[in-house]
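Start at 1 with the first residue, then count along the sequence. Computed from heavy atoms alone, side chains included, the values below leave out hydrogens, waters and symmetry copies.
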Amino acid sequence: MMKPKFLLLFLLLTGCQECPEKVPPFTQQEFSGREELLVRRPVYRAKVPVGWIRLDPQGSIRDTTEPNVSFLIEDSLTVTVHTFPSEGLEERIPVAAQIERWKRQSGATTVTPISHGGFAGLSLEGPSILAWSMQLDLEHYQVLSFLASSPLEEEHFKQMRADYTIKAMGSPELIERYKEELHFFAGSFELIQEIPKNT
């Protein structure tokens with residue numbers, strides 16, 4: 001009969017048939033939303049692979065064509081994060097519309113539904129692009145629309161319920177080389193603050 005410590009060692013050495021993908025070295029970083037009138041504070045966090053160069057915007061990012069944050073990888077692969085706060089559901093841009101626009105620009109065709117952290121959306125993959133268009137779950141969106149107890153909280157909840165996109169553009173070689181890191185980053189992107197319970 002195998003002794004317990006040898007059994008544990010045996011399981012550790014042989015039991016990794018379905019081990020998770022290798023996690024790259026990373027730092028946990030926080031990102032702000034767009035402009036808030038009273039105070040601007042971090043809304044999101046993600047695991048950023050070591051070696052990515054963070055580029056924070058200079059000045060106002062009220063204009064949604066400006067990224068909330070960008071990253072540069074090896075001088076020519078860029079990753080941009082945009083958020084799109086809205087006052088109500090009618091202002092939200094459908095996820096599929098964003099994906100269609102990127103498809104026309106890049107010629108990419110592989111579209112995959114995804115969800116994590118209370119958000120759901122689509123990812124697009126092509127030779128020179130990896131991109132994600134995400135929206136907060138409807139129930140979470142409604143909670144953040146109606147439960148604010150102060151103007152400060154109302155401003156912050158507007159940023160929390162914003163849709164977001166992550167887009168990586170570069171040469172096919174660099175997209176392929178950093179594909180796992182890009183998926184790792186996008187999959188770790190989440191809200192910092194827990195969404196209040198609707199009681």
For Glu30, is the CD atom crowded, meaning more than 12 foreign heavy atoms sit under 6.0 Å from it?
yes
Has Ser32 got a side-chain atom pairing as donor or acceptor with Pro42's backbone, closer than 3.5 angstrom?
no
Give a yes or no on whether a salt bridge exists between Glu66 and Arg34, defined as a side-chain N under 4.0 angstrom from a carboxylate O.
no
What pair of heavy atoms forms the shortest contact from Gly126 to Ala108, and how long is it?
CA-CB, 3.6 Å
Can you tell me if His82 uses its side chain to pair, donor with acceptor, with the backbone of Thr65 under 3.5 Å?
yes
Minimum heavy-atom separation for Ile175 to Ala168, with atom names?
CD1-O, 3.8 Å
Could you check whether the rings of Phe185 and Phe71 sit parallel, tilted or perpendicular, using 30° and 60° as the cut-offs?
perpendicular
Would you say the side chain of Leu77 lies within less than 4.5 Å of the side chain of Leu72, judging by non-hydrogen atoms?
no
How about Val79 and Leu130: do any of their side-chain heavy atoms sit closer than 4.5 Å?
no
Partner of Tyr164 under ring pair (Phe, Tyr, Trp, His ring centres under 6.0 Å), picked from Phe189, Phe84, Phe31, Trp132, is Phe189
With side chains defined as the heavy atoms from C-beta onward, is the minimum distance between Val23 and Glu180 less than 4.5 Å?
no
Atom CD of Glu154 with >12 non-hydrogen neighbours under 6.0 angstrom:
no
Rounded to the nearest 0.5 Å, what separates atom CG in Leu136 from atom CG in Leu191?
6.5 Å
Quick one: CD1 on Ile73 to OG1 on Thr78, what's the gap to the nearest 0.5 Å?
8.5 Å
Hey, is the main chain of Arg161 close enough, under 3.5 Å, to the side chain of Gln135 for a donor-acceptor pair?
no
Distance, nearest 0.5 Å, that separates CZ of Arg104 from CZ of Arg101
8.0 Å
Distance from Lys167 atom NZ to Ser106 atom OG, nearest 0.5 Å?
8.5 Å
Test side-chain hydrogen bond (donor to acceptor under 3.5 Å, both in side chains) on Tyr141 and Ser86; report intermediate values, then the result.
CA-CA 10 Å; Tyr141 186 96; Ser86 57; 2.6 Å; yes
Is atom CG of Asp63 surrounded by more than 12 heavy atoms (other residues, nucleotides or ligands) closer than 6.0 Å?
yes
Could you walk me through whether Glu155 and Lys158 pass salt bridge (Lys or Arg N to Asp or Glu O under 4.0 Å), step by step?
CA-CA 5 Å; Glu155 281 190 351; Lys158 179 180 177 182; over 6 Å; no
Testing the 3.5 Å rule here: is there a donor-acceptor pair between the side chains of Gln29 and Arg45?
no
Find out whether Val48 and Phe26 are in side-chain contact, i.e. whether some heavy atom of one side chain is under 4.5 Å from a heavy atom of the other.
no
Measure the CZ-OG distance between Phe157 and Ser150 for me, rounded to the nearest 0.5 Å.
8.0 Å
With a cutoff of under 4.5 Å between side-chain heavy atoms, which Ile, Leu, Val, Met, Phe, Trp and Tyr residues group with Ile129?
Val95, Ile99, Trp102, Val111, Leu122, Leu124, Met169
Measure the shortest side-chain to side-chain distance between Leu89 and Arg92 over non-hydrogen atoms and say whether it is less than 4.5 angstrom.
yes
Inspect the surroundings of CD in Glu194 and state if more than 12 heavy atoms from other residues, nucleotides or ligands are less than 6.0 Å away.
no
Using atom types as modelled and distance alone, determine if a side-chain donor or acceptor of Glu91 lies under 3.5 Å from a backbone N or O of Glu87.
yes
Can you find a heavy atom in the side chain of Arg54 that is under 4.5 Å from one in the side chain of Val69?
yes
Measure across Pro49 and Phe184 and return the closest heavy-atom pair with its distance rounded to 0.1 Å.
CG-CD2, 4.3 Å
Please examine the side chains of Glu74 and Tyr178, heavy atoms only from C-beta on, and report whether any two atoms are closer than 4.5 Å.
yes
In Å and rounded to the nearest 0.5 Å, what is the NE2 to OG distance from His140 to Ser145?
12.5 Å
Let me see the working for Val43 and His156 under side-chain contact (heavy atoms from CB on, under 4.5 Å), right down to the final yes or no.
CA-CA 8 Å; Val43 178; His156 190 63; 3.7 Å; yes
So which heavy atom on Ser76 is nearest to which on Leu174, and how close?
OG-CD1, 3.2 Å
Determine whether Ile195 and Leu144 satisfy the following criterion, side-chain contact (heavy atoms from CB on, under 4.5 Å), listing intermediate values before the conclusion.
CA-CA 7 Å; Ile195 295 171; Leu144 290 171; 4.3 Å; yes
Pairwise side-chain contact, Met134 with Ile114, heavy-atom cut-off 4.5 Å (strictly under)
yes
